[in-house]
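What follows is a short report on a single structure.
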Amino acid sequence: MKAGRDALRRGLAVSTVTLAVSALLTAGAGAVASAGPDADRAATPVLDWVPCTSPPGLQCATAQVPLSYRDPDGPQISLALAKRPAGDPEHRIGTVFTKDGGPGNRGRIPPKLSPAVASRFDIVGFDPRGTNNSSPVTCSDDPADDAKLSPPFPVTEAEENAAIRQVGEVTARCAQHAGPLLGHMSTANVARDLDLLRRAVGDDQLTYYGPSYGTHLGEVYANLFPQRVRAVVLNGVLQPQEWTIGRLPGQGREPFTYRLGPYLGAQDALKNLLRECAAHVQCAFGGPGATEQSLRQKYDHPLSRLRQGPITFTDSHGDQHEVTYRDLVGQMLSGLYGWDAVLYLTPTLQRLHLAAQGPVTAAAPVRIPPAAPPRFAPADEPQRAWNTWWSAVACTDSDNPRDPRAVGRYARMAEARAPGFASAWVYRSLPCASWPVTDPDRYTGPWNRQTANPVLLVGNRRGDPATPYEDAVSTSRLLGNARLLTADLAGHGGVYSGVSPCVDQWVDSYLTTLALPPVDTVCSAVRGPSDPSS
């Protein structure tokens with residue numbers, strides 16, 4: 001799942017797993033229990049850094065890693081990397097590796113992080129195996145097939161039938177076209193790749209920052225290579241049991257996006273938005289005497305009305321603008337990713353409320369804004385097969401029902417708890433019902449191995465529309481050596497967003513000196529969600 005809003009516009013972003021290794025090939029690295037694949041027998045990649053063509057100021061390299069870690073000396077694939085060199089090389093500590101959300105998102109262009117971190121570390125990003133510029137896989141030669149893997153979530157039975165047929169046709173083509181790499185794309189193998197990259201830059205232990213799906217990569221690495229953990233920061237946490245096979249027996253028969261429950265986090269974020277709106281008289285959707293409960297009823301009315309058909313607005317120029325049920329759900333999910341969602345979503349909600357009463361002429365059209373561009377990559381790197389890559393990782397990592405109609409049954413069950421949000425998230429598992437391959441080297445636990453240093457988890461307790469706060473809490477208890485930092489925020493992510501310097505300072509301190517926040521630390525925001533950003 002992505003730590004940005006563009007994933008939702010391409011099918012929603014929430015964002016996996018691996019197996020063991022052995023011996024002691026790397027100086028300073030402790031012995032690790034081994035079963036199956038053996039990453040330590042693989043050759044250390046040679047990284048020839050050269051100036052990147054774009055963007056300027058970065059250095060680029062290509063790493064060769066095994067297709068399969070069961071055969072480390074066998075066929076190789078390429079990984080694309082880029083590096084921001086440390087600003088203070090004389091006091092350089094090492095390398096921070098980063099992986100943004102997804103899965104499937106580009107990751108080659110690393111974020112800048114903070115000045116405190118950027119001065120002391122090289123910051124390295126990479127496109128995970130099989131994606132983007134790293135030996136990419138595709139399901140067919142037809143670019144349109146990628147979009148067909150993630151049709152708009154169905155509302156009617158006819159739409160569900162069409163979605164099942166369309167997705168099934170593409171996954172069948174994928175089996176014939178994608179090649180052997182498709183069966184080696186679990187997060188487990190990405191974690192093994194990451195360990196080779198750590199070795200390639202000369203670090204004895206891993207320093208890592210991962211938001212959203214990147215948290216699962218960090219969880220898997222920490223349990224595959226526990227003695228190689230220096231500092232791992234996970235921001236917007238995926239619960240690893242729910243992502244893979246479930247916490248309880250039998251949950252593997254549920255769609256993985258159902259058992260993860262991101263729709264419940266979205267519902268919490270919506271409640272926070274309505275509370276904020278009721279508390280501020282200037283909120284466009286509120287008004288005198290408004291309460292969270294009254295605004296919930298006000299929100300439910302246009303949502304119900306849109307299920308019957310689109311609402312059309314006429315602007316002052318006579319132009320008409322149509323909004324559908326899926327438009328509203330998609331905009332709400334996308335907008336709730338931000339701490340300041342109340343500023344941007346409530347004017348549209350007010351116009352929809354008025355229009356649901358009958359024909360209306362709006363001074364300005366209701367606008368369904370495009371998703372924000374990804375934070376970690378420039379626009380000149382198009383994601384050619386994002387839905388294919390998302391499915392190739394998520395569906396090989398996780399257990400899912402093999403009956404595609406079961407996905408709809410679970411979506412409808414979840415709708416009672418999170419109208420609209422449930423269908424948007426749960427149907428994202430539809431490709432997994434007919435995904436044509438498995439990865440025998442995926443990792444499904446245990447998750448409690450004692451790491452050399454603690455893992456720092458950051459979660460937003462006011463509502464996260466992709467990774468609920470409860471997942472950060474339960475994962476902090478599940479991991480063998482972890483500390484939870486609670487952010488009194490809503491939205492997805494929040495580290496280095498400028499909203500909470502308290503969060504940023506603790507992450508800086510941990511990455512640079514390994515100093516952890518005290519147990520039960522809660523960080524507040526420096527501005528409210530209704531306050532304009534500077």
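All values reported here derive from a predicted model rather than from experimental measurement.
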Listed by chain and number, what are the side-chain contact (heavy atoms from CB on, under 4.5 Å) partners of [X], not counting sequence neighbours?
X	value
Cys52	Leu58, Cys60, Ala82, Arg108
Ser497	Val499
Pro501	Gln505, Val526
Ala200	Thr44, Pro45, Leu47

Arg230 and Leu514: CA distance, side-chain angles, deciding distance, side chain to side chain contact (heavy atoms under 4.5 Å, CB included) verdict: CA-CA 8 Å; Arg230 177 190 172 273; Leu514 301 183; 4.0 Å; yes

Stepwise side chain to side chain contact (heavy atoms under 4.5 Å, CB included) test for Trp506 and Val233: CA-CA 11 Å; Trp506 278 119; Val233 178; over 6 Å; no

Nearest 0.5 Å, what's the [atom1]-[atom2] distance between [X] and [Y]?
X	Y	atom1	atom2	answer
Ile109	Ile123	CD1	CD1	12.5 Å
Leu479	Leu234	CG	CG	7.5 Å
Asp268	Tyr469	CG	OH	12.0 Å
Asn272	Asp464	CG	CG	11.5 Å
Phe97	Leu81	CZ	CG	7.0 Å
Thr95	Leu206	OG1	CG	9.5 Å

Would Arg428 and Trp390 count as a cation-pi pair here, with the cationic atom under 6.0 angstrom from the ring centre and within 45° of the axis?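 Judged by the rule (NZ or CZ under 6.0 Å from the ring centre, within 45° of its axis), Arg428 counts as positioned above Trp390.
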
Does a side-chain heavy-atom distance below 4.5 Å link [X] with [Y]?
X	Y	value
Val46	Asp48	yes
Leu333	Tyr263	no
Asp127	Pro136	no
Leu149	Thr171	yes
Tyr208	Leu194	yes
Asp504	Ser114	no

Taking only residues two or more places apart in sequence, or in another chain, which ones meet [X] in a side chain to side chain donor-acceptor pair (under 3.5 Å)?
X	result
Asp488	Arg461, Arg462
Thr512	none
Ser78	Gln64
Arg120	none

Taking Arg228 first and then Asp195, would you say they form a salt bridge - that is, a charged N and a carboxylate O separated by under 4.0 Å?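 A salt bridge is present here (some side-chain N lies under 4.0 Å from a carboxylate O).
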
Could you tell me which residues satisfy salt bridge (charged side-chain N to carboxylate O under 4.0 Å, His left out) with [X], sequence neighbours excluded, listed by chain and number?
X	value
Asp439	none
Glu470	none
Arg84	none

If we ignore angles and hydrogens, is there a donor and acceptor under 3.5 Å between the side chains of [X] and [Y]?
X	Y	value
Asp141	His177	yes
Arg259	Ser398	no
Asn235	Tyr209	yes

Checking side chain to side chain contact (heavy atoms under 4.5 Å, CB included) for the pair Arg198/Tyr221: CA distance, chi angles, key distance, verdict? CA-CA 11 Å; Arg198 171 199 61 78; Tyr221 185 95; 3.3 Å; yes

Search all heavy atoms of Leu248 against all heavy atoms of Gln251 and return the closest pair with its distance.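 It is N-OE1, 2.9 Å.
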
Kindly write out the residues that satisfy ring pair (Phe, Tyr, Trp, His ring centres under 6.0 Å) with Tyr258, not counting sequence neighbours, or none if the list is empty.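 So Tyr258 forms a ring pair (Phe, Tyr, Trp, His ring centres under 6.0 Å) with Tyr410.
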
